[in-house]
Protein chains: 2
Amino acid sequence: MSTSVDLVYEQVRQMAANFEFKPAERINESELSKQLGASRTPLREAMNRLTAEGLLMFEPGRGFFCQPLTPELVVHLYEVREALETSAIRAAVERAGDDDIAAIRQFLSDTAERYADGTPTKEIVRLDEEFHLMIAQLSGNPELVNMIKLTYERIRYVRWIAMRERIDITHSAHLHIFEALENRDAQAAEDRMRTHIKTHNAEATEIVGKAYSNLYVPQH
Amino acid sequence: MSTSVDLVYEQVRQMAANFEFKPAERINESELSKQLGASRTPLREAMNRLTAEGLLMFEPGRGFFCQPLTPELVVHLYEVREALETSAIRAAVERAGDDDIAAIRQFLSDTAERYADGTPTKEIVRLDEEFHLMIAQLSGNPELVNMIKLTYERIRYVRWIAMRERIDITHSAHLHIFEALENRDAQAAEDRMRTHIKTHNAEATEIVGKAYSNLYVPQH
DNA sequence: GGATGCGGAATTGTATACAGATCATCACGG
DNA sequence: CCGTGATGATCTGTATACAATTCCGCATCC
């Protein structure tokens with residue numbers, strides 16, 4: 001049972017990942033709890049979890065805040081992605097069964113047509129994450145997968161923005177990574193994954209840098 | 001202000017990292033809150049944080065449990081360490097200042113004599129963690145450092161046990177890793193770090209495997 | 001003997017109350 | 001005009017209460 005706390009947790013997590021709180025905004029507990037139809041107790045429990053996951057910040061005596069995305073943070077989180085995902089794909093090359101690999105090929109061909117202009121950006125990012133997580137899961141290491149997931153949630157917002165311009169090349173980059181996995185070429189797989197993430201890191205950082213100078217600074 | 005919740009958090013975190021709860025044990029909230037001199041509300045907030053950090057488990061309607069260390073989990077967490085720390089040392093080689101590196105050399109020579117038989121195992125593990133974290137910090141990436149810290153806390157208990165037998169070689173292994181960093185040889189530094197962690201992974205897993213068959217299974 | 005069901009006790013989930021801290025406003029003084 | 005300090009309003013931190021659920025022991029039945 002206990003839908004209430006989990007429900008609140010999911011809702012606030014979504015709100016945080018989707019940046020429905022203004023960056024560095026102090027979150028009013030009473031107000032938000034009313035809005036979500038629960039009391040402050042389960043809300044605070046949920047926000048404590050999210051703080052530990054890095055989606056919110058907490059200052060004793062002051063409350064919970066939206067964790068703002070600075071250019072530095074984006075660089076750091078993409079570096080974490082790089083560390084985790086290159087390691088994951090290397091393990092995947094060694095451990096994945098042929099059927100698992102076939103499932104990814106299937107996924108790629110099933111979704112190929114959706115990597116097109118008409119598709120909403122959120123959907124593209126979802127597909128992108130799903131591809132990366134499928135590979136991560138083939139590492140057979142749930143802890144690795146979990147950390148990658150958490151990292152995604154913290155940069156999802158900037159990825160929505162960054163993805164707009166580069167929809168077309170995403171799918172071919174994925175195919176390129178996948179083929180190294182399919183050929184069981186660990187070094188190539190790792191290198192391609194690293195390059196892929198580094199590219200996105202540069203783009204995302206640039207975008208946040210622009211947004212930061214346009215949006216965040218004038219607010220103070 | 002607000003020492004109470006943070007105090008409770010620190011205490012429970014220590015208890016969890018030190019495995020003062022029996023593996024997979026259900027944690028009685030009222031009892032523990034009395035023991036810690038606080039009420040259930042701040043205790044539950046602390047335990048929610050620790051659940052997100054992987055030190056505890058939570059089942060809705062049943063409560064919080066100690067996260068048991070299985071051989072599989074140990075393998076997975078050491079793999080995570082490997083991913084994060086090899087990445088960190090590579091960044092450290094590129095970014096560390098000469099003075100930072102000198103500080104580590106100083107630390108190693110200061111603590112050399114303590115890597116000896118008489119020193120308590122807990123102290124050795126602390127020194128070991130400190131060395132690794134000093135290197136991680138030179139990556140300049142606080143997110144990476146934080147994830148490494150969290151991973152340490154989850155395997156600290158098994159490291160206490162594993163460290164007993166290998167005190168002597170730990171220091172020379174650290175020196176070996178450090179020298180690659182000092183020489184700015186990224187590849188060697190990464191390789192040596194990887195080997196170091198893999199070695200400990202194998203040992204720790206074996207130890208947990210033994211403990212698991214001796215200790216955990218008969219409990220059910 | 002093992003599975004099943006049924007209380008009663010224990011435990012968790014959540015709301016609420018209240019004390020204490022923080023914040024915002026405004027008046028005052030430099 | 002800007003800094004400073006007092007004061008009331010607001011918000012957070014924590015204890016407590018109570019409802020809902022789970023757990024446990026025992027009797028019953030197959």
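Just so it is clear, the structure is predicted and the values come from calculations on it, not from any experiment. In what follows, every heavy atom counts, from backbone to side chain, and hydrogens, waters and symmetry copies are set aside.
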Task: Presence of salt bridge, B:Arg105 and B:Asp110, under 4.0 angstrom - done: no
- [ ] Using a strict 4.0 Å threshold on nitrogen-to-oxygen distance, state whether B:Glu94 and B:Arg90 make a salt bridge.
- [x] no
Task: Atom-pair distance (NZ on A:Lys34; P on D:dC11), nearest Å - done: 9 Å
- [ ] Take the protein atom CZ of A:Arg44 and the nucleotide atom P of C:dT16, then report the distance between them rounded to whole Å.
- [x] 17 Å
TODO: Identify which nucleotide among D:dT12, C:dT22, D:dA15 has an atom closest to any side-chain atom of A:Arg62, counting heavy atoms from C-beta outward.
DONE: C:dT22
Task: From D:dT22, C:dA17, D:dC11, nucleotide with atom closest to A:Arg40 side chain - done: C:dA17
Open item on the list: Between A:Glu130 and A:Arg114, does any side-chain N to carboxylate O distance fall below 4.0 Å?
Closed with: no
TODO: List for me each residue that meets salt bridge (Lys or Arg N to Asp or Glu O under 4.0 Å) alongside A:Arg44, sequence neighbours excluded, and say none if there are none.
DONE: A:Glu29, B:Glu45
Task: Nucleotide of D:dT16, C:dT14, D:dC11 approaching B:Ser39 most closely (side-chain heavy atoms) - done: D:dT16
Task: Ring geometry between A:His196 and A:His174 (parallel below 30°, tilted from 30 to 60°, perpendicular above 60°) - done: perpendicular
Task: Rounded interatomic separation in angstrom, taking CD from A:Glu31 and P from D:dT10 - done: 13 Å
- [ ] Work out how much the helix from C:dG1-D:dC30 to C:dG30-D:dC1 bends between its end axes, five pairs an end, to the nearest 10 degrees.
- [x] 30°
TODO: Check every atom of C:dT14, D:dT14, D:dT12 against the side chain of A:Glu29 and return the nucleotide holding the closest atom.
DONE: D:dT12
Open item on the list: Nearest whole Å is fine: how far is C:dA21 P from A:Phe64 CZ?
Closed with: 19 Å
TODO: Figure out the CG/P separation between B:Asn28 and C:dA9, and round it to whole Å.
DONE: 17 Å
Task: Gap between atoms CG and C1', on B:Leu36 and D:dA15 respectively (whole Å) - done: 15 Å
- [ ] Please state how far atom CD in A:Glu59 lies from atom C1' in C:dA21, giving the value in whole angstrom units.
- [x] 14 Å
Open item on the list: Check this for me: does any side-chain nitrogen of one of B:Glu31 and B:Lys34 sit under 4.0 Å from a carboxylate oxygen of the other?
Closed with: no
TODO: Measure from the side-chain heavy atoms of A:Arg26 and tell me the nearest of D:dC11, C:dT14, D:dA15.
DONE: D:dC11
Open item on the list: I'd like to check the salt bridge (Lys or Arg N to Asp or Glu O under 4.0 Å) partners of B:Glu129; sequence neighbours left out, ordered by chain and number.
Closed with: B:Arg156, B:Arg159
Open item on the list: Applying a 4.0 Å non-hydrogen cut-off, can you work out what B:Leu43 is touching in the nucleic acid: base, sugar-phosphate, or nothing?
Closed with: nothing
Open item on the list: How many whole angstroms separate atom CG of A:Asn48 from atom P of D:dG13?
Closed with: 9 Å
Task: Shortest side-chain distance from B:Ser30, nucleotide among D:dA15, C:dT12, C:dA15 - done: C:dT12
